[in-house]
Amino acid sequence: MVTGGAGFLGSHLCDKLISQGHQVLCVDNFFTGRRSNIVHLLDHAAFTLIEHDITTPLEVEIDRIYNLACPASPVHYQHDPVKTMKTNVLGAINMLDLAWRKKARILQASTSEVYGDPEMHPQAETYWGRVNPVGVRSCYDEGKRAAETLFFDYNRQHGVEIKVARIFNTYGPRMHPNDGRVVSNLIVQALRAEPITIYGTGSQTRSFCYANDLIDGLMALMESPVEFTGPVNLGNPHEMSILDTAKLIVELCNSPSKLIFKPLPGDDPQRRKPDIELAKTKLNWQPTTGIVEGLKSTIHYFETSL
Ligand code: NAD
Ligand code: UDP
């Protein structure tokens, strides 16, 4: 089962699982997910779609749960912050209860946001983070932190087999054009010859991972030995400033767009880069797609779908 299976990452995960011969149950409430992401799977005998909101319980027969349901873009998770918290906390409880009842293994799509605006660089799993509990990003950051707590308590208290992945900024085909995240925003603006919006000075950094690499990491984690629960960072350690990212996108799109500067959103982290030594050691995983190659394929997707 893939919750959030009609979303950006969830739909790639459904594809990969189907290609490996698994039966896939995709669960989504279509808040940010789209039918077009999974339309090619709808007639596949091994694929089932259920329109369902994970804040209410679900009774299905499954042996693996990938829990990805949650809006990931700041614009969307701040649209209804109370709902975001409910998806993270009630959704985690419902999915963990299901895993417990069915003796299923469950993986949580957690996030680098659990580190907040970090004082430690790069961020390792041992770092406990610096998160504002009452800011505009808190519904997501604290929601994901509470979900991690629930995962470890269900593991300790009820013996549920858990896996926790801390995903760092991931991009690729099937991001929503209005998603609001930086890579999709900038590519869409560049292709439409619109101004490129840089928030703040653009000196803040992120480390961008290509979707296919990330999906391989999630699946390696799911099938890792039972005693390895994580949390484990999954991401690409190649760090770039937002300004350099914007310049690269403009160049690769061969766009006439000019950069414009807008106010930095609240609590926007200054630096972010994963330490992926744990994933390398425990999962024998590391990303293999470079930024230029990954951006080219993402640009191609937007060129053909906008
Ligand atoms: P996305 O918004 O494209 O996908 C999220 C999916 O969850 C959507 O299909 C949406 O409709 C669905 N959803 C939301 N609330 C739901 C609910 N209550 N019940 C059922 N379905 C619901 O985002 P994404 O980038 O694919 O992210 C997937 C997961 O990975 C999220 O949990 C996100 O927090 C996590 N993550 C992503 C990134 C990234 O850079 N892409 C980074 C860190 C963590
Ligand atoms: N950002 C930007 N222009 C945009 C969208 C985002 O400069 O059009 C910046 C944003 O302020 C942040 C970085 O890019 O510093 C990454 O933002 P995103 O929303 O993609 O992810 P997150 O902040 O959650 O890492």
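Just follow the structure's listing: the first ligand is 1, and inside any ligand the first atom is 1. For the numbers below, each heavy atom of this structure counts, side chains included, while hydrogens, waters and symmetry mates do not.
Shown in contact with Thr87 at under 4.0 Å from a heavy atom are these atoms of ligand 1, numbered in order with element: 15 (N), 18 (N). Within ligand 2, counting atoms from 1 as listed, the ones closer than 4.0 Å to a heavy atom of Pro74 are 19 (O), 24 (O). Counting the atoms of ligand 2 from 1 in the order shown, those under 4.0 Å from a heavy atom of Glu113 are 24 (O). Taking a cut-off of under 4.0 Å to the non-hydrogen atoms of Phe30, the atoms of ligand 1 that pass are 11 (O). Taking every non-hydrogen atom of Arg272 and a distance limit under 4.0 Å, the qualifying atoms of ligand 2 come out as 22 (P), 25 (O). Contact atoms of ligand 1 toward Gly4: 6 (C), 7 (O), 9 (O), 12 (C) (distance under 4.0 Å to a heavy atom of the residue). Listed by number with element, the atoms of ligand 1 under 4.0 angstrom from any heavy atom of Leu9 are 26 (O), 30 (O), 37 (C), 41 (N). In summary, the atoms of ligand 2 found under 4.0 Å from a heavy atom of Asn185, numbered by their order in the structure, are 4 (C), 5 (C), 8 (O). Atoms of ligand 2 found under 4.0 Å from any heavy atom of Ile198 (numbered from 1 in listed order, with element): 7 (O). Near Arg181, with a cut-off below 4.0 Å to any heavy atom, the atoms of ligand 2 are 19 (O), 20 (O). Less than 4.0 angstrom separates some heavy atom of Gly180 from each of these atoms of ligand 2: 5 (C). Residue contact check: Leu186 has heavy atoms under 4.0 Å from atoms 8 (O) of ligand 2.
Proximity of Gln189 to ligand 2 is not established, as no heavy-atom distance is less than 4.0 Å. Using a non-hydrogen distance threshold of 4.0 Å, Pro265 registers as a contact of ligand 2. Heavy atoms of Lys262 stay at 4.0 angstrom or farther from ligand 2.
Interatomic distance, Ser203 OG to Leu243 CG, rounded to the nearest 0.5 Å: 8.5 Å.
No donor-acceptor pair under 3.5 Å is formed between the side chain of Asp63 and the backbone N or O of Ala104. Between the side chain of Ser255 and the backbone N or O of Glu251 there is no donor-acceptor pair closer than 3.5 Å. A distance-only check finds no donor-acceptor pair linking the side chain of Ser207 to the backbone of Phe168 [under 3.5 Å]. For the pair Thr84 (side chain) and Tyr77 (backbone), a donor-acceptor distance under 3.5 Å is present.
With a heavy-atom cut-off of 4.0 Å, Tyr171 does not touch ligand 1 at all. Here His52 has backbone heavy atoms under 4.0 Å from ligand 1, and that is the only part of it that gets that close. Using a 4.0 Å cut-off between heavy atoms, Ser110 contacts ligand 1 through its backbone alone, with no side-chain atom that close.
Each of Gln108, Glu148, Gln123 was scored for a side chain to side chain donor-acceptor pair (under 3.5 Å) with Arg166, with one residue passing: Glu148.
Ile54 N, 3.0 Å is the protein heavy atom nearest to atom 19 (N) of ligand 1. The closest protein non-hydrogen atom to atom 16 (C) of ligand 2 is Arg206 NE, 3.6 Å. Looking from atom 31 (C) of ligand 1 to the surrounding protein, the closest heavy atom is Leu68 O, 3.1 Å. Nearest protein heavy-atom contact of atom 4 (O) of ligand 1 is Gly7 CA, 3.6 Å. Among protein heavy atoms, atom 9 (O) of ligand 1 sits closest to Asp28 OD2, 2.5 Å. The nearest heavy-atom contact from the protein to atom 3 (N) of ligand 2 is Thr197 O, 2.7 Å. Among all protein heavy atoms, the one lying closest to atom 5 (C) of ligand 2 is Tyr199 CE1, 3.3 Å. Considering only non-hydrogen protein atoms, atom 22 (C) of ligand 1 sits nearest to Asn29 OD1, 3.0 Å. From the protein, the heavy atom lying nearest to atom 13 (C) of ligand 2 is Ile242 CD1, 3.6 Å. For atom 10 (C) of ligand 2, the nearest non-hydrogen atom of the protein is Asp268 OD2, 3.4 Å. Atom 21 (O) of ligand 2 has Asn169 ND2, 3.5 Å as its closest protein atom, hydrogens excluded (heavy atom only).
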From CA spacing to verdict: side chain to side chain contact (heavy atoms under 4.5 Å, CB included), Met175, Leu9
CA-CA 8 Å; Met175 294 186 91; Leu9 290 178; over 6 Å; no
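With salt bridges taken as basic N to acidic carboxylate O contacts below 4.0 Å, none links Arg174 and Asp179. Looking at Arg137 and Asp267, no side-chain N of the basic residue comes within less than 4.0 Å of a carboxylate O on the acidic one, giving no salt bridge. Under 4.0 Å is where a charged nitrogen must lie from a carboxylate oxygen, and between Glu239 and Arg206 no such pair does. With salt bridges taken as basic N to acidic carboxylate O contacts below 4.0 Å, none links Arg64 and Glu161. Ionic pairing of Lys296 and Glu303 is not present here: no N-O contact between side-chain nitrogen and carboxylate oxygen is shorter than 4.0 angstrom.
Considering all non-hydrogen atoms of both residues, Ile299 and Cys253 come closest at CD1-SG, 3.7 Å. When all heavy atoms of Ile54 and Thr87 are compared, the closest pair comes out as CD1-O, 3.9 Å.
When the options Glu113, Lys86, Arg181 are ranked by their closest heavy atom to atom 39 (C) of ligand 1, first place goes to Arg181. Relative to atom 2 (O) of ligand 1, the option among Ile50, Thr3, Leu218, Thr32 with the closest non-hydrogen atom is Thr32. Evaluated by nearest non-hydrogen atom to atom 20 (O) of ligand 2, the leading choice among Leu259, Val188, Val182 is Val182. Considering each of Ala72, Gly10, Pro71, the one bringing a non-hydrogen atom nearest atom 27 (O) of ligand 1 is Ala72. With atom 5 (C) of ligand 1 as the reference point, the heavy atom nearest to it among Gly143, Ala69, Ala6, Cys70 is part of Cys70.
Geometrically, ligand 2 and Arg137 share a nitrogen or oxygen pair separated by less than 3.5 Å. Considering backbone and side-chain atoms alike, Tyr77 places every N or O at 3.5 Å or more from each N or O of ligand 2.
Ring-plane geometry between Tyr115 and Tyr127 is classed as parallel, the angle between the planes falling under 30 degrees on a 0 to 90 degree scale with a further cut at 60. Between His158 and Trp100, the ring-plane angle classifies as parallel under the 30° and 60° cut-offs.
The local environment of NE2 in His79 is sparse, with at most 12 non-hydrogen atoms from other residues, nucleotides or ligands closer than 6.0 Å. The number of heavy-atom neighbours closer than 6.0 Å to NE2 of His300, taken from other residues, nucleotides and ligands shown, is 12 or below.
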